[in-house]
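A quick write-up on the structure given underneath.
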There are 2 protein chains.
Amino acid sequence: MPARKKKKQRAPAYAVSEFTPARLSIYLRCLKDLEKSGVKTTSSRDLAERYHLNAAQIRKDLAYFGAFGVRGVGYYTSDLKAHLRGILGLDRPLGIAIVGAGNLGRALADYQGFHQAGFQIVALFDNDPDRVGRQSRGGVVIRHSDELPDVARAGDIDVAVIAVPAPVAQAVVDSIVATGVKAILNFSPSAIKVPAGVKVKNVEFTISLESLSFFLAQGSKANAAPNKIL
Amino acid sequence: MPARKKKKQRAPAYAVSEFTPARLSIYLRCLKDLEKSGVKTTSSRDLAERYHLNAAQIRKDLAYFGAFGVRGVGYYTSDLKAHLRGILGLDRPLGIAIVGAGNLGRALADYQGFHQAGFQIVALFDNDPDRVGRQSRGGVVIRHSDELPDVARAGDIDVAVIAVPAPVAQAVVDSIVATGVKAILNFSPSAIKVPAGVKVKNVEFTISLESLSFFLAQGSKANAAPNKIL
DNA sequence: TTTTGTGAACTAGTTCACAGCT
DNA sequence: AGCTGTGAACTAGTTCACAAAA
């Protein structure tokens with residue numbers, strides 16, 4: 001056997017780009033907008049021009065999941081929208097639990113954007129006895145964190161939102177993962193670890209702000225780069 | 001002149017990756033943590049192991065801004081931290097104005113993470129007369145949006161945070177950009193447009209949630225991909 | 001003719017691996 | 001010996017450009 005020198009045998013790879021799901025979400029938002037405006041038919045070019053996207057990328061992103069267009073015509077707005085909802089798993093109710101009922105947690109519980117996008121706030125948890133039993137401005141009752149496993153095991157929690165202080169975030173995440181929750185939206189400024197099979201999305205205000213500060217500080221030096229949507 | 005067929009003459013390009021500023025922010029967070037633990041010296045390998053980063057990437061990211069290490073030794077914690085603060089422009093006070101005093105805007109005004117990271121909330125604006133004059137839970141007074149230009153022109157606003165409903169976001173952004181603000185943190189679910197030279201970072205809860213939903217829906221099919229920090 | 005869907009070409013970003021310094 | 005800083009190799013992601021379909 002000829003010893004090939006560290007030739008790398010590759011796994012099949014993920015094919016779909018890390019950013020594709022986020023872009024699909026944007027496309028869906030665009031289609032909702034078009035539908036509201038009464039536009040029955042669109043095309044990758046039309047979408048690209050209206051919303052400052054790239055036509056080829058739209059087609060590539062969609063191509064991974066199927067062929068939803070009609071050559072020479074484009075896409076039927078409501079048809080493509082339905083496909084995207086399916087791909088994104090939004091064609092069924094999604095339950096969200098928020099852990100941490102501080103300012104941020106309560107604001108998130110009342111945030112209308114979640115409801116508008118079809119997500120349901122299932123519960124708001126905190127371990128501070130002074131908070132338990134009270135409710136958010138919008139009327140979401142704060143329950144004790146001890147109840148989380150019961151709610152989770154009832155299968156009502158699809159996504160757990162972490163809105164606790166950074167020092168306790170990892171412990172909270174560990175207990176949530178133990179109940180079988182597979183998706184976490186983390187608002188705490190800490191790099192949490194989860195086992196394979198659990199997906200985490202970090203929403204990092206501080207990092208975003210510091211990146212902006214960087215661009216202010218560096219000025220035109222490092223950055224004539226265009227703003228990206230993501 | 002030999003007609004070269006669409007040979008592309010390239011601009012110098014941006015050299016530093018789009019994600020580098022965000023990673024620098026993470027490195028800074030790590031260094032703060034190390035300093036608090038009394039660790040005087042570290043290395044790219046040490047940082048990578050402790051915080052699950054990539055040693056080569058840390059060195060590459062830093063290399064763009066200078067040579068801050070000592071060969072054979074590594075980096076002096078407080079020294080590298082100071083350099084990063086300088087690169088990120090955090091060695092001076094940064095003023096933040098929040099526009100939109102709904103649940104989210106008020107929660108952001110009270111969010112301790114901003115203060116901890118050295119940002120100063122300069123003002124909280126809203127155009128609803130019922131809100132103007134009242135204050136957030138944490139005591140930040142809500143001022144009328146009409147006052148924004150005065151505050152901005154006084155030079156107190158480095159970053160404007162957009163926490164208004166999507167339909168009015170673009171109009172609000174336009175007026176802010178007109179006052180000379182160069183950095184915007186956008187929490188509204190809308191693709192806002194700004195002129196070149198203005199930097200926007202979008203914080204999209206809905207997109208993050210829908211991406212999580214995607215991974216739940218697709219299951220192991222499309223995604224054995226590891227969780228990224230960013 | 002128009003616009004999709006897609007291989008091929010290209011660009012950006014990451015990781016390797018090692019020369020060079022301490 | 002150990003670790004940085006960096007060109008080179010590699011991988012991922014984007015855009016081009018065109019054959020195929022309606």
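Keep in mind that the numbers below use all heavy atoms, side chains included, and drop hydrogens, waters and symmetry copies. Quick note on labels: first sequence line is chain A, next is B, and so on, each numbered from 1.
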Worksheet item: Heavy atom of residues 67-75 of chain B under 4.0 Å from DNA chain D: which residues?
Response: B:Ala67, B:Phe68, B:Gly69, B:Val70, B:Arg71, B:Gly72, B:Val73, B:Gly74, B:Tyr75

Fill in: A:Ser25: side-chain hydrogen bond (donor to acceptor under 3.5 Å, both in side chains) partners, not counting sequence neighbours
B:Glu210

Worksheet item: What is the distance from CD of A:Glu18 to P of D:dT11, rounded to the nearest Å?
Response: 18 Å

Discussion item. Looking only at the side chain of B:Ala63 (C-beta and beyond, no hydrogens), which of the listed nucleotides D:dT6, C:dT6, D:dT14 gets closest?
Written reply: D:dT6

Practice prompt. Tell me which residues in residues 42-58 of chain A put a heavy atom below 4.0 Å from DNA chain C, sorted by number, or none.
Written response: A:Ser43, A:Ser44

Worksheet entry | Backbone N/O of B:Val39 and side chain of B:Ser37: donor-acceptor pair under 3.5 Å | no

Practice prompt. Please state how far atom CZ in B:Phe19 lies from atom P in C:dT15, giving the value in whole angstrom units.
Written response: 12 Å

Worksheet item: What pairs of residues pass the side chain to side chain donor-acceptor pair (under 3.5 Å) test when at least one of them lies in residues 161-171 of chain A, not counting sequence neighbours?
Response: A:Gln170-A:Asp174

Worksheet item: With a 6.0 Å cut-off on ring centres, are B:Phe119 and A:Phe205 close enough?
Response: no

Discussion item. Tell me every residue that passes side-chain hydrogen bond (donor to acceptor under 3.5 Å, both in side chains) with B:Asp156, counting only those two or more places apart in sequence or in another chain.
Written reply: none

Worksheet item: What is the distance, rounded to the nearest whole Å, between atom CG of A:Asp79 and atom C1' of C:dT4?
Response: 14 Å

Discussion item. Could you work out, with side chain to side chain contact (heavy atoms under 4.5 Å, CB included) as the rule, every residue matching B:Gln112, not counting sequence neighbours?
Written reply: B:His115, B:Gln116

Worksheet item: What pairs meet the salt bridge (charged side-chain N to carboxylate O under 4.0 Å, His left out) rule with one or both residues in residues 50-67 of chain A, with sequence neighbours excluded?
Response: A:Arg23-A:Asp61, A:Asp46-A:Arg50

Item to complete: For A:Ala191, enumerate each residue passing the side chain to side chain contact (heavy atoms under 4.5 Å, CB included) test, keeping only those at least two apart in sequence or located in another chain.
Response: none

Worksheet item: For B:Glu204, which residues count as a salt bridge (charged side-chain N to carboxylate O under 4.0 Å, His left out) partner, sequence neighbours excluded?
Response: A:Arg29

Worksheet entry | Partners passing side-chain hydrogen bond (donor to acceptor under 3.5 Å, both in side chains) against B:Arg45 (at least two apart in sequence or in another chain) | none

Item to complete: Starting at atom NZ of A:Lys60, determine the distance to atom P of D:dA12, rounded to an integer number of angstrom.
Response: 16 Å

Discussion item. Could you tell me how far apart A:Leu80 (CG) and C:dT3 (P) are, to the nearest whole angstrom?
Written reply: 16 Å

Worksheet item: Considering only side-chain heavy atoms of A:Arg59, which listed nucleotide, C:dG13, D:dA17, D:dG13, is closest?
Response: D:dA17

Worksheet item: Which stems does DNA chain C form, counting runs of 3 or more consecutive Watson-Crick or G-U wobble pairs with both distances under 3.5 Å?
Response: C:1-22 with D:1-22

Worksheet item: Roughly, in whole Å, what's the span from CZ in A:Phe65 to C1' in C:dG5?
Response: 15 Å

Discussion item. Suppose the criterion is side chain to side chain donor-acceptor pair (under 3.5 Å): which pairs have a residue in residues 69-94 of chain B, not counting sequence neighbours?
Written reply: B:Glu35-B:Lys81

Item to complete: Take atom OH of B:Tyr64 and atom P of C:dT14, then tell me their distance rounded to the nearest Å.
Response: 15 Å

Worksheet entry | Length of the line joining B:His83:NE2 and D:dG5:P, which is rounded to integer Å | 10 Å

